[in-house]
Amino acid sequence: MTVSSPARLVVLVSGSGTNLQALLDACADPAYGARVVAVGADREGIEGLARAERSGVPTFVNQVSHYGSREDWDRALADRVAAFEPDLVVLAGFMKLVGESFLARFGGRTVNTHPALSPSFPGMHGPADALAYGVKVTGATLFVVDAGVDTGVIVAQTVVPVEDDDDVESLHERIKVAEREMLVESVGRMAREGFRVEGRRVHLGVAPRG
Ligand code: GAR
């Protein structure tokens, strides 16, 4: 996939937005090759939106309960995102699954970051599930979003140890430090160099064929 320069990013958030902040900070350097053109959320009053506002980035909120159906919400979200003409959509702690309409428009250029090492521990509770299972290492996975739950083609993974005295919060915080670094590094490369998805692999820095 070729991208414009600097690449236009729309970031979707549901919470504290520390991954968003890492992207905003990276984008402050023109050499990074991307800029956040809008931040969307599925709820009001979150720190993620406040971070965008402090950076002067336009925001929008599409709340599922304001729509007649999940499909209507999904279509409206896709319209909202499309208005900002993104090269890449980044789900950064966005706690909703996007649906068919969204993927019809942005499939192949939407990435999500998940706080576990896929294919282990998909879903909403990656750090808690890893802790409960007793794994010794876990981490975060950046993937190209598909119709499944955290099943998309993997762009990057980062590994962190699980310490004996970890609770869910301490483990998630350790994951998030590594996750932010992975996200900034990978999104930057996708933006600057383009990427191509072939089967279960993402090739960064490879010009598209044809
Ligand atoms: C991140 O760890 C992200 O991987 C996770 O939420 C956190 C958001 O943190 N996302 C999911 O669990 C999605 N299933 P942030 O709001 O501080 O960026």
Side-chain angles (χ1 to χ4, degrees), residues 9-27 34 36 38-55 57 59-64 70 74 77 88-99 102-103 106 110-133 135 137-163 166-188 190:
L9 309 181
V10 170
V11 182
L12 301 183
V13 297
S14 297
S16 64
T18 64
N19 281 284
L20 163 67
Q21 188 67 55
L23 286 171
L24 289 168
D25 293 348
C27 288
V36 179
V39 171
D42 62 332
R43 62 199 76 186
E44 306 273 359
I46 54 172
E47 182 59 17
L49 288 172
R51 289 177 191 276
E53 281 155 17
R54 286 198 292 273
S55 293
V57 172
T59 62
F60 59 89
V61 175
N62 277 38
Q63 205 169 310
V64 174
R70 191 74 182 212
D74 188 59
L77 179 69
L88 267 180
V89 181
V90 181
L91 311 189
F94 189 58
M95 294 301 189
K96 291 282 181 299
L97 291 178
V98 295
F102 191 95
L103 289 174
F106 299 109
T110 299
V111 293
N112 189 10
T113 174
H114 175 60
L117 290 176
S118 297
S120 296
F121 313 124
M124 304 282 280
H125 309 290
D129 293 344
L131 199 61
Y133 197 92
V135 294
V137 293
T138 184
T141 302
L142 183 70
F143 62 95
V144 180
V145 175
D146 66 10
V149 178
D150 302 324
T151 51
V153 174
I154 293 171
V155 180
Q157 292 187 299
T158 185
V159 177
V160 302
V162 180
E163 307 291 355
D166 267 333
D167 56 20
V168 175
E169 198 183 336
S170 66
L171 178 58
H172 197 176
E173 280 310 311
R174 187 176 311 110
I175 291 169
K176 283 175 68 168
V177 172
E179 182 178 35
R180 289 190 285 267
E181 203 176 308
M182 172 189 71
L183 182 70
V184 166
E185 152 108 29
S186 301
V187 168
M190 293 172 98

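From a predicted model like this one, the values you see are computed outputs, not experimental measurements. Atoms within each ligand, like the ligands themselves, are counted from 1 in listed order.
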Show the atoms of ligand 1 that are less than 4.0 angstrom away from any heavy atom in Ser16.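 Going through ligand 1 atom by atom, the ones under 4.0 Å from Ser16 are 15 (P), 16 (O), 17 (O).
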
Under 4.0 Å from one or more heavy atoms of His172, ligand 1 contributes atoms 1 (C), 2 (O), 7 (C)

List the atom of Val160, the atom of Arg174, and the distance in Å for their closest heavy-atom pair. CG1-O, 3.9 Å

Quick test of your reading of the structure: of Pro122, Ala116, Gly123, whose heavy atom lies closest to atom 14 (N) of ligand 1? Gly123

Tell me the nearest of Lys96, Met95, Arg51 to atom 6 (O) of ligand 1, using heavy-atom distances.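 The option holding the nearest heavy atom is Met95.
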
Quick one: nearest non-hydrogen protein atom to [atom], plus distance?
| atom | value |
| --- | --- |
| atom 4 (O) of ligand 1 | Glu179 OE2, 2.3 Å |
| atom 9 (O) of ligand 1 | Lys176 NZ, 3.2 Å |
| atom 8 (C) of ligand 1 | Gly93 CA, 3.6 Å |

Is any N or O atom of Thr113, backbone or side chain, closer than 3.5 Å to an N or O atom of ligand 1?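 For ligand 1, there is an N or O atom that lies under 3.5 Å from one belonging to Thr113.
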
Ligand 1 N/O within reach of Asp150 N/O, cut-off under 3.5 Å: no

Between Glu169 and Lys176 (salt bridge meaning N to carboxylate O under 4.0 Å), is one present in this structure?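 Result for this pair is no, no salt bridge flagged.
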
Check whether more than 12 heavy atoms from other residues, nucleotides or ligands sit under 6.0 Å from atom CD of Glu185, and answer yes or no. no

Crowded around Glu181 CD? As in, over 12 foreign heavy atoms under 6.0 Å?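 Incorrect, the count does not exceed 12.
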
Measuring only between side-chain heavy atoms, which start at C-beta, is Val145 closer than 4.5 Å to Val89?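 No. Closest side-chain heavy atoms not under 4.5 Å.
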
Below 4.5 Å, heavy atoms only, C-beta onward: do Arg51 and Thr18 meet side chain to side chain?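 They are in side-chain contact.
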
Does Val13 come within less than 4.0 Å of ligand 1, judged by its heavy atoms?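 Heavy atoms of Val13 never come under 4.0 Å of ligand 1.
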
Taking a cutoff of less than 4.0 Å between a non-hydrogen atom of the residue and any ligand atom, is Gly17 in contact with ligand 1? yes

Would you please say whether a donor-acceptor pair under 3.5 Å links the side chains of Asp150 and Ser118?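 Per modelled atom types, Asp150 and Ser118 side chains form no pair under 3.5 Å.
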
Only one of Leu12, Val10, Val90, Val57 clears side chain to side chain contact (heavy atoms under 4.5 Å, CB included) with Val39; which?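 For Val39, the side chain to side chain contact (heavy atoms under 4.5 Å, CB included) test succeeds with only one of Leu12, Val10, Val90, Val57, which is Val57.
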
